[in-house]
Number of protein chains: 2
Amino acid sequence: MKNQKVTIHTIAARLNITASTVSRALSGNKRISQKTRELVNKTAAEMGYKPNHMASNLRKGKGNLIGVIIPRINRHFFSHAIAGMEAITNPAGYNLMICQTNESQAKEIDGLQTLINNRAEGVIMSISNETRNGAHIQAATDGGMPVVLFDRIIKNLNIDHVINDNFAGAYEATKHLIEQGYKNIVHFSGSLHINVYEQRLNGYKKAMNEANLDVTSDMIFDNIITRLSGEELAQTLLTKNKLPDAIFSSSDYSALGALITFKNAGINIPQDIGIVGFANEPFTELTDPALTTLEQYSEDIGRSAARLLIERIENKQNKEVPSSLSFKPQLIIRKSSQRNTID
Amino acid sequence: MKNQKVTIHTIAARLNITASTVSRALSGNKRISQKTRELVNKTAAEMGYKPNHMASNLRKGKGNLIGVIIPRINRHFFSHAIAGMEAITNPAGYNLMICQTNESQAKEIDGLQTLINNRAEGVIMSISNETRNGAHIQAATDGGMPVVLFDRIIKNLNIDHVINDNFAGAYEATKHLIEQGYKNIVHFSGSLHINVYEQRLNGYKKAMNEANLDVTSDMIFDNIITRLSGEELAQTLLTKNKLPDAIFSSSDYSALGALITFKNAGINIPQDIGIVGFANEPFTELTDPALTTLEQYSEDIGRSAARLLIERIENKQNKEVPSSLSFKPQLIIRKSSQRNTID
DNA sequence: TAAAATTGCGCAATCGATTGTACAGGTTTT
DNA sequence: AAAACCTGTACAATCGATTGCGCAATTTTA
């Protein structure tokens, strides 16, 4: 372990040339002779030269920090998405700084400001539950900060984004329930101001309409995405005269809550009630019965978001129409929704 | 949004003073008059000045990057640990660069080298399954890189570390099984060269010895930490004459595999076999019956590791004895191990 | 009141890499 | 053979912030 810091000057001194020649040689500049270039590279390797990114970034007026703002890191979807981002950003020479909002708009705004202050090259974000408008995001992009939204985005904001095709996923899931013979299918939704939940609702509606099944407002339950709220709602439903015969939930967690509550009440799943969740959380294959759900390809989404952002960063002038990528979720059919199948 | 970059020179020009005065004023140097200091601060705020960390780091010969090397980011324990680290490092002005080894020693060595090349200030790491010796880590610390190990550490390496008190946790879990009347308790272990699994085995042994229960070598099963291996082992056990009456597993996953396999074979849990896992993975409360396990306080561990590292970074000269922090896991008693309780 | 100490700030070098420009020696063109 | 071109490299400024040193003005001490 050489403890001496070796810089281009050290190398230059050793070879009796100047630092600029070393710099050019290392970056493969054609004006430097083949011979010198090879010599420099060899010597650099021998001396254990490691370029100082800070110096180079300073000179180039450019950094290597990419910010990530998400509701929580410890959610299956988000931690996988981050893994996907790292897979793209690290090899490209960028570091990730991760800010958690814990679903608070205030922390989201804070985080964005911190990233701006830290001279981040760009930001990948998924908005918090609380966030109702994109003023802070708009301000950031207006100020020249490249931003890519993923999963939870804000409509009407002209910004690159990567999302799940929640509409198609919900449509397919609902259609699956219908094909299994369920008719009175209710929907557990999240806050409808979030695109994700709005699209899932729309997909559900379309499938129902196509099958000539009415969707009345009492079949749609808002803000039911936690396990607790799923349990409570299921409890409420139990007191009513007529139970739905299936649930398409926007969340695996509320689906879980309902599943457990119904099961404890002696209701048969999937015979009496079919249940489909959303997100393919790891626990869904362990419930009894296993929960049908939709896989979201979180790592792919993370990778794509990172790629989009790096493109933006590396050619800012290019003011095209923002890209919009969409991944179709895959329906994972398990027991909780299979009434027809003999098993 | 001012688009002009404002530097200390911009401010200096505006106030007809020099950049050095501005720099000193902003850093609260006493040699600058109160009046000037306030004026500079006010003007800096007005002009929207944001210090350029790269320039300052370059000058100070110091960076703000902390590396994290872990087997996988998308494991409950690790993603929570990272959340804990971020909570400490971000406010302190450090960014995290996360490298996943996917349990490969080669990738671990690579990651460490990358971090060294990127001039990381320090590294927090948890070794891969494959890693059998700490030569690369020793080399890094010898080269002056502060390192803190957490959870999966290497013995005999004189380095700061933060771990679970696996011994105490395993002891308590085993004792709990004994108190529930189980006698023929077997242990699912991981690779014994990893401290974590060694300690869990030792805790198990101690509890058994104290209760005058023999532990023979056929009661200890090595390398059973995945769901699949748990299922296979359970299947094998089923073919033998005499089943154990309880399992203390080093992993929730293999405990899950065994639980499911036994259940499918018509064996009653906890009446016939009691099961205890380790890690309190989210799914453990959803299995049927719910799995008794040990909570690991991953966020606290992450926070502590980050604190230790920052201490090391910020006073390198201080060559004390390495710190060793240990968190006692908490036993979460659920149905899978409660034979005595009426329910 | 002269000498000493303190206060307040400017000058210029520095961190390491990059890059526009200059320049010497060699080659080709006319 | 003079003019025009390349080639390969050196020089020096630059990115933005920090800091040792120096100097003048002011205050304290003797």
Side-chain angles (χ1 to χ4, degrees), chain A residues 2-41 43-45 47-65 93 116-121 314, chain B residues 2-41 43-45 47-65 93 116-121 314:
Chain A
K2 312 246 168 66
N3 221 350
Q4 303 290 355
K5 300 169 199 166
V6 6
T7 75
I8 50 172
H9 294 96
T10 327
I11 301 174
R14 173 96 95 91
L15 296 177
N16 273 320
I17 54 180
T18 59
S20 45
T21 302
V22 174
S23 172
R24 288 192 168 96
L26 289 171
S27 64
N29 190 308
K30 306 141 211 158
R31 298 293 299 257
I32 303 296
S33 68
Q34 176 83 17
K35 207 170 97 187
T36 312
R37 235 183 302 163
E38 281 169 3
L39 182 61
V40 169
N41 280 310
T43 315
M47 300 178 71
Y49 169 72
K50 308 292 173 210
N52 182 323
H53 292 161
M54 278 170 340
S56 125
N57 288 337
L58 173 60
R59 179 61 229 263
K60 296 203 281 205
K62 181 211 170 222
N64 65 328
L65 181 66
I116 291 173
N117 293 355
N118 279 290
R119 299 264 203 289
E121 298 307 296
E314 300 192 343
Chain B
K2 310 249 167 67
N3 221 350
Q4 303 289 357
K5 301 170 201 168
V6 4
T7 73
I8 50 172
H9 294 95
T10 328
I11 301 174
R14 173 95 94 88
L15 296 178
N16 273 321
I17 55 181
T18 59
S20 44
T21 303
V22 174
S23 173
R24 289 192 170 97
L26 289 171
S27 63
N29 189 309
K30 305 141 213 160
R31 298 295 299 255
I32 303 298
S33 68
Q34 176 84 15
K35 207 169 101 186
T36 312
R37 236 183 301 164
E38 281 168 4
L39 182 62
V40 169
N41 280 310
T43 314
M47 300 177 72
Y49 168 73
K50 307 291 173 210
N52 183 322
H53 291 159
M54 278 168 341
S56 124
N57 287 338
L58 173 59
R59 180 61 229 263
K60 295 201 283 203
K62 187 219 164 217
N64 65 326
L65 180 66
I116 291 173
N117 292 356
N118 279 288
R119 302 264 204 286
E121 298 307 295
E314 302 192 342

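Residue numbers start from 1 in every chain, and the chains themselves are labelled A, B, ... in the order their sequence lines are given, proteins ahead of strands.
A heavy-atom distance below 4.5 Å is found between the side chains of B:Ile11 and B:Leu15.
Of the N and O atoms on the side chains of A:Ser23 and A:Ser20, not one donor lies less than 3.5 Å from an acceptor on the other residue.
At whole-Å resolution of the value, NE2 in B:His9 and C1' in C:dA12 are 11 Å apart. Rounded to an integer number of Å, the gap from CD1 of A:Ile8 to C1' of C:dG16 is 6 Å. In this structure, A:Met54 atom CE and C:dA17 atom C1' are separated by 12 Å, rounded to whole Å. Following rounding to the nearest Å, A:Asn52 (CG) and C:dA17 (C1') show an atom-to-atom distance of 8 Å. For the pair B:Lys62 NZ and C:dC15 P, the interatomic distance rounds to 19 Å; values are reported in whole Å. Spacing between atom NE2 of B:His53 and atom C1' of D:dA17 amounts to 11 Å, rounded to whole angstrom units. Here D:dA17 presents its P atom at 15 Å from CG of B:Asn64, a figure rounded to the nearest Å. Atom OH of A:Tyr49 is separated from atom C1' of C:dG16 by 7 Å (rounded to the nearest Å).
Atom CG of residue A:Leu65 and atom CE of residue B:Met54 lie 10.0 Å apart, to the nearest 0.5 angstrom.
Only A:Ser20, A:Ser23, A:Arg24, listed by number, bring a heavy atom of residues 15-40 of chain A to less than 4.0 angstrom from any atom of DNA chain C.
Residues forming a side chain to side chain donor-acceptor pair (under 3.5 Å) with A:Asn64 (at least two apart in sequence, or on another chain): A:Asn95.
Sorted by first and then second residue, the pairs that involve residues 25-34 of chain A and meet side-chain hydrogen bond (donor to acceptor under 3.5 Å, both in side chains), not counting sequence neighbours, are A:Ser33-A:Thr36, A:Gln34-A:Glu38.
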Requested in this report: Kindly indicate, with the supporting measurements, whether the criterion side-chain contact (heavy atoms from CB on, under 4.5 Å) is fulfilled by A:Tyr49 and A:Val22.
Outcome: CA-CA 11 Å; A:Tyr49 169 72; A:Val22 174; over 6 Å; no

